[in-house]
Peer 1: 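Have a look at the structure that comes next, please.
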Amino acid sequence: MQECCFILLGATGDLALRKIFPALFKASQAGLKPTITACARSHLSTHEFLDKLSTKAKEHIKDLDSKAWAHFSTYINYTPLDFNKPEDFKALKANHPNTIIYFSIAPEFFAKACQNLAAVGLNAPNVKIVLEKPLGTNLQSCKDICAQISQHFQEAQIYRIDHYLGKQSVQNLFYLRHNNPFLAGLLGAHYLDHVQISVLETLGVESRGGFYDPMGALRDMLQNHMLAMLALSTIPANTPQENIRQAKLEMLKSLKPLGQEALKTEVVRGQYAAGGGFKGYTEEEQVNPHSQTETFVALKLELEHPNWQGVPFYLRTGKRMGVSLVQVVFVFKGPPQALIYTIQPQCSLELQLQGMGALKSALDSGMDAYERLILEVVAGNQAPFNHQNELEAAWSFVDPILQSWQTNLTPLLPYAATSYGPQAAFDLLKQDKREWFAHV
Ligand code: BG6
């Protein structure tokens, strides 16, 4: 049984209750023994916190074994903590050689929390910190946050999460090619006409309006999850495992900046309006009724990389779509027509062959992303986490788009909830004589 000390900052938040605790529970069933200190501002007793947590656990853990959950609960202690109050941090202990401090809090508190942790010696080499996305809201704020954190923690102690990197099905965008050299040849500039990456969600903003409204789809999904999928789909197939992070960085650095014309004609932003029995985005809780935040974005991009010359990539993501689908489609210049790699809802690989339909095989999407990533932090493996340089490269691509929106270069287009986004997203491909695949 592997032991660790796990301090969770922001323990009463949505992410902690919905994802992190269930992941810790599953990891504990797989042999991890974490001593968990759950911290948040609310003045709760451990008992009160556990009551709150078990209600959520029942909603989010399938076939919850109540005996195992009761045992897991004995690992948890709750400590009220105000991130701004240095004295509150004195209650925290990091005397285990494998201590993990997980920041499930808004990034504006990161610097203060790091400073207060360091003041009580909780930045010693035995401590690792896990930082939730988004790290900043643009390139400059990302750099500022990283600089503040690095005053107290070494790079080897920092694990920057993008939970898509914890999905085996996402990692397989690389391993599929790495382990099958014939596919690596096929999935390159020589044979490909273009690549499509779609992350469509039927969910709206749910109870996260307060978080989402200052953020929007470009920062929430495209800057991180979608560019991570793009990088793993394009790094050279023969990249040795230990060089994956560096190879991803090179791909992100090769993103061709969108010029004024492309910003105007090859970027689409949308916001869901009422439809299909759902309310519109601006009627959601904690959302500004005049909000100009995009819940949909589609764009065309290219990589300035010798392996990907002339292959455009079309990306789209949206909330309140007609279907839940995470998919990468490699479209060929000639037969076979396309290789469709579906990540969600079910992982599968489909090769569309001319004249004889499709060959489809279901794949196992494996362990939950958060569970896998927590176990990687425990093991001290930084490979499935972002290096600061990767984040900066991704923000460098996204920044000009955000700036162009400030001057309203691209209109914010309404689309009906449960549709597939604004017509302009279809026209984006139509103007290139192409169309979106939508395979479920
Ligand atoms: C999160 C975003 O990072 O990813 C959410 O903040 C989004 O808005 C979620 O719903 C999607 O993750 P998954 O694993 O459900 O595809």
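One-based numbering, in listed order, for ligands and for the atoms of each.
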Peer 1: Salt bridge or not between Lys26 and Glu371? Use side-chain N to carboxylate O under 4.0 Å.
Peer 2: no
Peer 1: Which of the atoms in ligand 1, numbered in the order shown and given with their element, are less than 4.0 Å from a heavy-atom of Lys167?
Peer 2: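 Once the distances to Lys167 are compared, the set is 13 (P), 14 (O), 16 (O).
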Peer 1: Can you sort out which atoms of ligand 1 are near Asp220, meaning under 4.0 Å from one of its heavy atoms?
Peer 2: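 By the 4.0 Å cutoff, the relevant atoms are 2 (C), 5 (C), 6 (O), 8 (O).
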Peer 1: In terms of residue, atom name and distance, what is the protein heavy atom nearest to atom 16 (O) of ligand 1?
Peer 2: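 Heavy-atom neighbour on the protein nearest atom 16 (O) of ligand 1: Tyr164 OH, 2.6 Å.
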Peer 1: I need the full list of ring-ring contact (aromatic ring centres under 6.0 Å, His included) pairs touching residues 368-398, with sequence neighbours left out, sorted by first then second residue.
Peer 2: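 For residues 368-398, and leaving out neighbouring residues, the ring-ring contact (aromatic ring centres under 6.0 Å, His included) pairs sorted by first residue read Tyr159-Phe385, His163-Tyr370.
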Peer 1: What residue and heavy atom of the protein are closest to atom 12 (O) of ligand 1, and at what distance?
Peer 2: His163 NE2, 3.1 Å
Peer 1: Are Arg434 and Tyr314 in a cation-pi setup, meaning NZ or CZ lies under 6.0 angstrom from the ring centre and within 45 degrees of the ring axis?
Peer 2: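 No, Arg434 and Tyr314 do not form such a contact.
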Peer 1: Considering only the protein, which heavy-atom contact is closest to atom 15 (O) of ligand 1, and what is its distance?
Peer 2: Gln344 NE2, 4.4 Å
Peer 1: May I ask which of Met215, His225, Arg219, Glu201 has a heavy atom nearer to atom 7 (C) of ligand 1 than the others do?
Peer 2: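 Answer by nearest heavy atom: Glu201.
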Peer 1: Determine the sole option in Thr295, Asp213, Asn288 for which the side-chain hydrogen bond (donor to acceptor under 3.5 Å, both in side chains) test with Tyr281 is passed.
Peer 2: Asp213
Peer 1: Which ligand 1 atoms, with their elements, are less than 4.0 angstrom from a heavy-atom of Lys319?
Peer 2: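 In order of numbering, the contacting atoms are 5 (C), 7 (C), 8 (O), 10 (O).
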Peer 1: Does atom NZ of Lys133 have more than 12 heavy-atom neighbours from other groups under 6.0 Å away?
Peer 2: yes
Peer 1: Are Glu155 and Arg160 close enough for a salt bridge, meaning some N to O gap below 4.0 Å?
Peer 2: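 The answer is yes: the pair qualifies as a salt bridge.
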